[in-house]
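Residue numbers start at 1 and run along the sequence shown.
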Amino acid sequence: MSKDKSGDKSARDTHYANLRRAHRDARRERGEIPTPRQDKRKKMPADWKPPSLAPEQVLLYGLHTVRAALDNPERKVVRLSVTQNAAARLELGDLSALPFPTEVVTPQDLDRILGPDAIHQGVMLETRPLPHRRLEALRDCPLILVLDQVTDPHNVGAIMRSAVAFDAGALITTMRHSPTESGVLAKSASGALELIPYIQITNLADAIDELHKLGFLTIGLDSEGPEPLEGTFAGNRIALVLGSEGKGLRQKTRQTVRALARLDMPGAIKSLNVSNAAAIAMYAARQFLKI
């Protein structure tokens with residue numbers, strides 16, 4: 001009598017389907033493939049409004065984002081809302097045994113809270129913001145990144161991912177005209193928000209002066225900088241300063257940094273998206289530092 005292996009085949013098919021889905025989701029989180037088109041997703045009521053959040057309230061969503069937050073001992077969790085499917089994919093085990101309140105929800109429940117543009121993948125985490133970091137804690141970091149009013153959270157999230165990839169010690173931004181810690185920023189960073197200090201300061205010029213006292217050479221990236229970036233490096237601590245797209249570095253910032261430098265590009269296009277420029281600049285800095 002032949003043995004019925006249909007059950008084994010079904011389990012194997014489910015396993016490979018889960019692997020394919022996880023691979024696709026990871027690529028989508030990294031921005032390598034597009035998110036579903038708006039007209040193919042469920043439309044929300046025209047009067048939908050985002051929830052009003054308290055200053056100490058942050059909503060994170062997405063599998064990679066939430067997994068990274070749960071693995072971060074400095075992240076204070078308030079409540080987890082998750083579908084049964086997402087809980088299985090996160091390998092959370094017995095939900096009642098988790099050390100924080102957890103509720104099982106439907107995807108539609110999360111849609112109503114997060115809105116039609118959030119690719120939440122069935123999970124939302126309410127948390128407190130990460131602890132504030134001070135600049136003096138960076139004195140032993142060889143490479144840090146400073147942003148001068150880069151406002152788009154998608155760009156800042158992409159820069160954050162690159163900063164973690166190149167082992168930068170921190171990402172510094174201003175409190176005004178920069179994205180706060182949020183679900184959009186965290187989703188764009190795909191877990192990197194939990195892996196690098198995100199320091200928001202009041203006055204950028206004062207912060208740059210403080211970095212000078214800590215031994216950093218501050219280099220502002222400018223398309224019309226007087227010399228190529230690779231010819232500007234010196235010392236063993238480098239702070240790369242990048243401005244917003246279009247406006248670039250503000251005049252005060254240009255006057256405060258120790259050097260201005262450009263990325264030389266041989267092609268017809270002479271400027272890059274700020275997240276791409278940041279990645280190239282950090283790679284060049286790492287090559288100089290050799291660490």
As a quick check of understanding, evaluate side chain to side chain contact (heavy atoms under 4.5 Å, CB included) for Met282 and Ser162, giving each step before the final call.
CA-CA 8 Å; Met282 284 188 286; Ser162 296; 3.6 Å; yes
For Asp94, enumerate each residue passing the side chain to side chain contact (heavy atoms under 4.5 Å, CB included) test, keeping only those at least two apart in sequence or located in another chain.
Ser96, Ala97
For the residue pair Ala239 and Leu211, what are the closest heavy atoms and their distance?
CB-CD1, 4.2 Å
With a 4.5 Å heavy-atom cut-off, do Ile172 and Ile144 have their side chains touching?
yes
Check the pair Met160 / Ile196 against side chain to side chain contact (heavy atoms under 4.5 Å, CB included), numbers first and verdict last.
CA-CA 8 Å; Met160 193 174 286; Ile196 186 172; 3.6 Å; yes
Please, which pairs that meet ring-ring contact (aromatic ring centres under 6.0 Å, His included) have at least one residue in residues 216-272, sequence neighbours excluded?
Phe233-Phe288
Check: Arg286 side chain, Asp167 main-chain N or O, donor-acceptor pair, under 3.5 Å:
yes
Closest approach of Ala284 and Leu229, non-hydrogen atoms and distance?
CB-CD2, 4.3 Å
Side-chain donor-acceptor distances from residues 258-267 under 3.5 Å, at least two apart:
unit_1 : atom_1 : unit_2 : atom_2 : d
Arg258 : NH1    : His212 : ND1    : 3.4
Arg262 : NE     : Asp264 : OD1    : 2.7
Arg262 : NH1    : Gly225 : O      : 2.9
Arg262 : NH1    : Pro226 : O      : 3.2

Could you check whether any side-chain N or O of Asp109 sits under 3.5 Å from a backbone N or O of Thr106, counting only pairs where one atom can act as donor and the other as acceptor?
yes
Below 4.0 angstrom, N of the basic side chain to O of the carboxylate: do Glu181 and Arg75 qualify?
yes
Start with the C-alpha distance between Leu63 and Val123, add both sets of side-chain angles, then the distance that settles side chain to side chain contact (heavy atoms under 4.5 Å, CB included), and finish with yes or no.
CA-CA 7 Å; Leu63 293 171; Val123 60; 4.1 Å; yes
Spell out, as yes or no, whether a donor-acceptor pair under 3.5 Å connects the side chain of Gln200 to the backbone of Pro179.
yes
Tell me every residue that passes salt bridge (Lys or Arg N to Asp or Glu O under 4.0 Å) with Asp71, counting only those two or more places apart in sequence or in another chain.
Arg67
Does the Ser190 side chain pair with the main chain of Ala186, one donor and one acceptor, at a distance under 3.5 Å?
no
So, using side chain to side chain contact (heavy atoms under 4.5 Å, CB included) as the criterion, who are the partners of Gln255 when residues are at least two apart?
Gln251, Lys252
Polar side chain donor-acceptor pair, Gln149 to Ser244, under 3.5 angstrom
no
Polar contact flag, side-chain donor to acceptor under 3.5 angstrom, Asn273-Ser275:
yes
Residue pairs, two or more places apart or on separate chains, that pass salt bridge (Lys or Arg N to Asp or Glu O under 4.0 Å) and touch residues 134-153
Asp148-Arg250
Treating Arg79 as the side-chain partner and Pro101 as the backbone partner, does any N or O pair qualify as donor plus acceptor under 3.5 Å?
no
